[in-house]
Each structure stands twice: as C-alpha cells, then as structure tokens.
Amino acid sequence: MGDPILAGVVGLRDAGPSRACDLVVAQLRELIVDGRLAPGSRLPPERDLALRFQTSRATISQALRVLNALGLLDIHHGSGVYVSPHPDRLLRHSVELMLGFDRPSLIRLVEARGWMEVAAVARAAEVAGPADVASIREAGEALAAESASVERWLELDVAFHRAVLVATGNTFVVTLLSPVLDLMVSARVVNYRRAGAPTWFRGDDLGALVDLHRRMADAVAAGDATAARAVAEEHQLRLEEHVAELDPAPSAELPRRG
C-alpha cells in the first residue's frame, strides 16, 4: 500500500491481539487528531491496513469499531470507513445519557448552557468579522420568517446560536455547545408534540423573542460586548422560563446552595 500518510505507522507483528488493537487505535487516533487524516477522508481497505500495521484483519476491524464508537470514524458498509466530520458525537451521546438518567438534568443543562453561552456571545461581539455577522444576520432573518412550525423555529434557533458560537473563532466552544443545543431542541420537541404548541409561540410573545435575537445580532455586529452580554443574559432568563413551562416539577427538585 503506497499511502504516504500511513507510511510512518509502527508495525505490530510481535504484539498480541489485544495490545495490537490498542496500538492501532492509538496511531489512527493520532493521525486523525493532528489532521493528517482529514474529516471526510476515506481510509484504505482493511486488508491494506492489516498489511501496513503488520497485524490481522480481525485486529484492524476491532480497532475501527473502537474508533467508530469514539465518534472519530464513520463505518459505511459497502462504501468504506471515513474520518467523521462530526467528532463531537461521543460528547452528544454522553449528554444524552445524562438527560435520560437524571430527571432535573434538562434544567441543569439549560443552566450550564447559559454559563457558557453568555460569555460566548460577548466574545463574538469582540472578534466577529463581516462574514460572521452576515451569517448571524441571515440566520436571524430565517428565524423571523418562521411562524408556522415550532419544530422548524427551534431548528432555525439552533442555527442562529451556532452562527454566534462560530463567530467566537473558538472551535472548543462550538464543539462543546453544539450537541447541547441539539439535545435541548430534541427534548423540547418531544414535550411540545405531547402538550401542543407552547405559550410563547404566538403573536406578541413570538415577536418579542425574535426581537431579542435581532438585538443580539445587532450587539455582535456593533462590537458591543457589554450590550451583547446583557442581551444574552436576558435570553437565558427567557429560555429558563420556557423550559420550566415544559415540566416545572424538576425546578423544585434542584437543591439550593448556600
């Protein structure tokens, strides 16, 4: 196999099966993390990887499954194995499990999101460029135009907030908060399907919420971090109210500190 990216991997001819699997995982993970195997790129076939690593195809297959479970690889049977363009998948699964095990955890998730997002919005105001502002504006306009479907509105809301996160220029913020945004939408949609459209998704209430997003975009565009933080804090209070409407009981279950 003549793939230059894999030319430097260490052969594992003398390693036992378990140790060989760990070493294959470690070497491929390093290639993915440092960017030599780019997101979306296709790995060589298992037989070629086995030759390169000097180990069995069974060991390669097991290592690929481990990396798939970690969210670093996508396995498409009949097509091949690809480097995942969404390495935050494992983080999303972990948060999803927490939501399943802990009843008040949606409230806690909203709280944690607020701690990070308020700072992120202020940072976006400090560093956002013209392209970032244009993306935020475009997402805000799409949000303002949607009034028929609460599910669609929430999807557009995620797109707006993700555009703000991207404007920070910090990939860690985007990676940490994106799955949180997606999971909050999923949890809220399940409840809205059961209980009907929420009280805020109507007339003046919806208009005020859209205006809140517009003011956030304005603050970021103006480079006013103080105003951006204030609007983000106001948004956080509204979000907490909306989630409390879904199921007020968990709020009362949270322990008080101090």
Can you check side-chain contact (heavy atoms from CB on, under 4.5 Å) on H242 and V110, steps first, answer last?
CA-CA 10 Å; H242 296 168; V110 171; over 6 Å; no
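- Under a cut-off of 6.0 angstrom, the local environment of CG in D204 is sparse, with at most 12 non-hydrogen atoms contributed by other residues, nucleotides or ligands.
- Between M216 and H161, the closest side-chain pair of non-hydrogen atoms falls below 4.5 Å.
- In this structure, S56 OG and R47 CZ are separated by 15.5 Å, a value rounded to the nearest 0.5 Å.
- The two residues A167 and I136 have their closest heavy-atom pair at CB-CD1, 4.1 Å.
- Here the closest heavy-atom approach between residue R137 and residue A221 is recorded as NH2-CB, 3.6 Å.
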Identify every side-chain donor-acceptor pair in residues 120-133 under 3.5 Å, counting partners at least two apart or on other chains, and give the distances.
residue : atom : partner : partner atom : Å
R123    : NH1  : E126    : OE1          : 3.0
D132    : OD2  : G129    : N            : 3.0

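- Remark: the backbone N or O of A119 is not paired with any side-chain donor or acceptor of E117 at under 3.5 angstrom.
- Looking at S61 and R57, their side chains never bring a donor and an acceptor atom within 3.5 Å of each other.
- A donor-acceptor contact shorter than 3.5 Å is absent between the side chain of D74 and the backbone of Y82.
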Might you work through the side-chain contact (heavy atoms from CB on, under 4.5 Å) test for M184 and L109, ending with a clear yes or no?
CA-CA 8 Å; M184 283 185 59; L109 190 61; 3.8 Å; yes
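- W153 has its side chain within reach of L209: a pair of non-hydrogen atoms, C-beta onward, lies under 4.5 Å apart.
- Using a distance-only test at 3.5 Å, with no hydrogens or angles considered, a donor-acceptor pair links the side chain of T175 to the main chain of T171.
- Other residues, nucleotides and ligands place more than 12 heavy atoms under 6.0 Å from the CZ atom of R238.
- Distance check: L73 CG to L28 CG gives 7.0 Å after rounding to the nearest 0.5 Å.
- When side chains are defined from C-beta on, V185 does not count as touching E151, because their heavy atoms never get closer than 4.5 Å.
- The two residues L143 and V210 come nearest to each other via the heavy atoms O-CG2, 4.4 Å.
- With respect to R152 and E155, a salt bridge is recorded, a charged nitrogen being found less than 4.0 Å from a carboxylate O.
- Cluster annotation: V118 is not connected to L212 through the hydrophobic network of ILVMFWY side chains, with a link wherever side-chain heavy atoms come within less than 4.5 Å.
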Verify salt bridge (charged side-chain N to carboxylate O under 4.0 Å, His left out) between R162 and D182, making sure each step is shown before the conclusion.
CA-CA 10 Å; R162 187 173 282 119; D182 292 337; 3.0 Å; yes
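- Using bins of under 30°, 30° to 60° and over 60° for the plane-to-plane angle, the ring pair F160/H213 lands in the perpendicular bin.
- No side-chain donor-acceptor contact under 3.5 Å links S79 to the backbone of H76.
- A side chain to side chain donor-acceptor pair (under 3.5 Å) with Q236 is found for exactly one of E234, E240, E233, namely E240.
- No side-chain heavy atom of V173 sits under 4.5 Å from any side-chain heavy atom of M116.
- Side-chain contact between R188 and L154 is present, with at least one heavy-atom pair separated by less than 4.5 Å.
- Taken from CG in L23 to OG1 in T55, the straight-line distance is 9.5 Å, to the nearest 0.5 Å.
- Side-chain atoms of R65 do not come within 3.5 Å of backbone N or O of I60 as any donor-acceptor pair.
- Using a 4.5 Å heavy-atom threshold, the side chains of V189 and S186 count as separate.
- Judged by distance alone, with hydrogens and angles left aside, the side-chain atoms of R193 form no donor-acceptor pair with the main-chain N or O of V190 at under 3.5 Å.
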Test salt bridge (charged side-chain N to carboxylate O under 4.0 Å, His left out) on R215 and D218; report intermediate values, then the result.
CA-CA 5 Å; R215 288 192 285 121; D218 288 345; over 6 Å; no
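- D48 and P44 make their closest contact through CB-CB, 4.1 Å (heavy atoms, listed as atom of the first residue, atom of the second, distance).
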Stepwise, does the side-chain contact (heavy atoms from CB on, under 4.5 Å) test hold for L177 with F172?
CA-CA 8 Å; L177 275 178; F172 284 99; over 6 Å; no
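- With rounding to the nearest 0.5 Å, the separation of OG in S149 from CZ in F201 is 6.5 Å.
- Closest of all the heavy-atom pairs between L206 and E146 is CD2-O, 4.2 Å.
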Report the C-alpha separation of L72 and S84 in whole Å, then their side-chain angles, then the decisive distance to 0.1 Å, and conclude whether the side-chain contact (heavy atoms from CB on, under 4.5 Å) test is met.
CA-CA 5 Å; L72 295 176; S84 175; 5.7 Å; no
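- Within the 4.5 Å cutoff, the side chain of L64 has no heavy atoms near those of the N68 side chain.
- Within the 4.5 Å cutoff, side-chain heavy atoms of V150 are placed close to those of P198.
- The heavy-atom pair separating L31 from D34 by the smallest distance is O-OD1, 2.9 Å.
- Note that the CG atom of D157 and the CG atom of L181 stand 8.0 Å from one another [nearest 0.5 Å].
- To the nearest 0.5 Å, atom CD of residue E46 and atom OG1 of residue T59 are 10.5 Å apart.
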